[in-house]
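Here's the structure we're looking at; comments come further down.
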Amino acid sequence: MLITRTIAETRAAIAQARAQGKRIGFVPTMGYLHEGHLQLIDIAKEHSDFVVVSIFVNPTQFGPHEDFAAYPRDFERDRRLCEARGADLIFAPEVSEMYPERSLITFQIEKLADHLCGARRPGHFNGVVLVVSKLFNIIQPDVAVFGQKDAQQLIIIKRLVHDLNFPVRIIAAPTVRESDGLAMSSRNVYLSAEQRAQSPVLYRALQRAKALVESGERDARKIIAEMQQLIATASEAKIDYIEIVSTKDLQPVERLDGQVLIALAVYFGKARLIDNIILEISGAHVREIAALP
Ligand code: PAF
């Protein structure tokens, strides 16, 4: 497995793989890898012959009071995990390599960043689309795999690729959970033992929402109220948001119909955990979409 630190080395290594007729798969990460990331590598391997994993804690997607400096990092452990899972190259640049100077060109995201994390983390998705665009231009992958745990990010990236004609296919990967339902996240390390014990309440709240929809409830306010009540039983939980939006434009819906994203962000101490489910509703029929096509 190769490790590159500069854009030039990365381009040269990928050009060589391409010259051998290999298709390039890409898994962008901020490191501190867990099983969820490793399953993204598995999916990338199914769809390509040379898998590049980027490990870069991207400063432009963190707000001034967020956890950029504290974000967990362990390159040696990540390297071992990537190698064991069969990645071909890790691109792990320094901030100065990706941003030798402040970018003067930024993105404006309409609608898709108005709600959910976009509303609570101003500028976050501008930073995400900036770094992902740069990574796409550096790596020029045939396919790139993104986890559906970050559903708003996934939907924005799909739209970025569509609107800007990036020649890459985006593949969504289902959320990977601990055995008690907690969605895997690098930020789970921030949880105290008590917070960790309470955190599966988020998955239970999503399951409660799904059960309500399956039993015929279509009123978004009622579903959200039930989820709030359930999460309030966890003394350490502080709800940032619970929202139900259409997957088309990420705007809130009053009544559930078509494809909807039920998403939440909840603080447990300093850990801000996000999770979601996507449901497709057609009349009385309800289906969960684990990975958007
Ligand atoms: O999902 C993440 O880890 C990050 O937002 C990404 C896509 C690697 C961009 O920094």
Side-chain angles (χ1 to χ4, degrees), residues 4 7 10 25-41 43-44 51-63 66-75 77-78 81-82 87 89-95 97-99 103 106-107 109 112-113 116-118 120-139 141 143-161 164 166 168-176 183-190 250 261 263 265 271-276 291-292:
T4 57
I7 294 168
T10 309
F26 177 40
V27 177
T29 82
M30 298 207 299
Y32 213 72
L33 305 179
H34 50 68
E35 180 59 26
H37 294 113
L38 301 178
Q39 292 195 17
L40 304 183
I41 297 178
I43 295 173
V51 173
V52 179
V53 177
S54 65
I55 296 181
F56 179 62
V57 184
N58 172 38
T60 65
Q61 69 189 75
F62 287 79
E66 293 184 352
D67 57 344
F68 172 69
Y71 196 84
R73 294 162 169 89
D74 186 344
F75 181 76
R77 178 175 162 276
D78 290 345
L81 290 170
C82 285
L89 187 155
I90 293 179
F91 174 43
E94 293 295 332
V95 171
E97 178 71 8
M98 288 298 282
Y99 299 109
S103 181
T106 56
F107 289 83
I109 302 169
L112 299 178
L116 313 167
C117 290
R120 274 80 185 178
R121 304 183 65 188
H124 167 68
F125 287 112
N126 297 62
V128 171
V129 295
L130 177 62
V131 80
V132 169
S133 302
K134 287 167 75 78
L135 291 166
F136 282 172
N137 283 329
I138 294 163
I139 292 156
V143 298
V145 191
F146 288 80
Q148 195 156 297
K149 187 182 78 84
D150 296 293
Q152 187 172 24
Q153 168 172 283
L154 169 68
I155 289 168
I156 289 174
I157 297 296
K158 275 171 162 284
R159 190 62 195 237
L160 170 79
V161 162
L164 273 62
F166 279 102
V168 55
R169 182 175 150 219
I170 302 300
I171 300 176
T175 301
V176 180
M184 289 193 187
S185 163
S186 306
R187 289 189 167 100
N188 291 351
V189 292
Y190 296 151
L250 300 184
L261 165 67
R272 181 176 178 278
L273 305 184
I274 60 170
D275 203 349
N276 70 79
L292 283 171

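Counting convention: from 1, in listed order, for ligands and their atoms alike.
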Among all the protein's non-hydrogen atoms, which is closest to atom 3 (O) of ligand 1, and how far away is it?
M30 CG, 3.6 Å

Considering heavy atoms of the protein only, find what lies nearest to atom 10 (O) of ligand 1 and give residue, atom and distance to 0.1 Å.
Q61 OE1, 2.6 Å

Can you sort out which atoms of ligand 1 are near [X], meaning under 4.0 Å from one of its heavy atoms?
{"X": "Q153", "value": "1 (O), 2 (C), 4 (C), 5 (O), 7 (C)"}
{"X": "P28", "value": "8 (C)"}
{"X": "V131", "value": "9 (C), 10 (O)"}
{"X": "T29", "value": "8 (C)"}

Does the N126 side chain pair with the main chain of T106, one donor and one acceptor, at a distance under 3.5 Å?
no

So, does D78 use its side chain to make a donor-acceptor pair with the main chain of Y32 at under 3.5 Å?
yes

Specify the closest pair of heavy atoms between R187 and R272, including all atoms of both residues, with the distance to one decimal.
CD-O, 4.1 Å

Is it the case that R73 places NZ or CZ above or below the six-membered ring of F68, under 6.0 angstrom from the centre and within 45 degrees of the axis?
yes

Partner residues of D275 under the salt bridge (charged side-chain N to carboxylate O under 4.0 Å, His left out) criterion, sequence neighbours left out:
R177

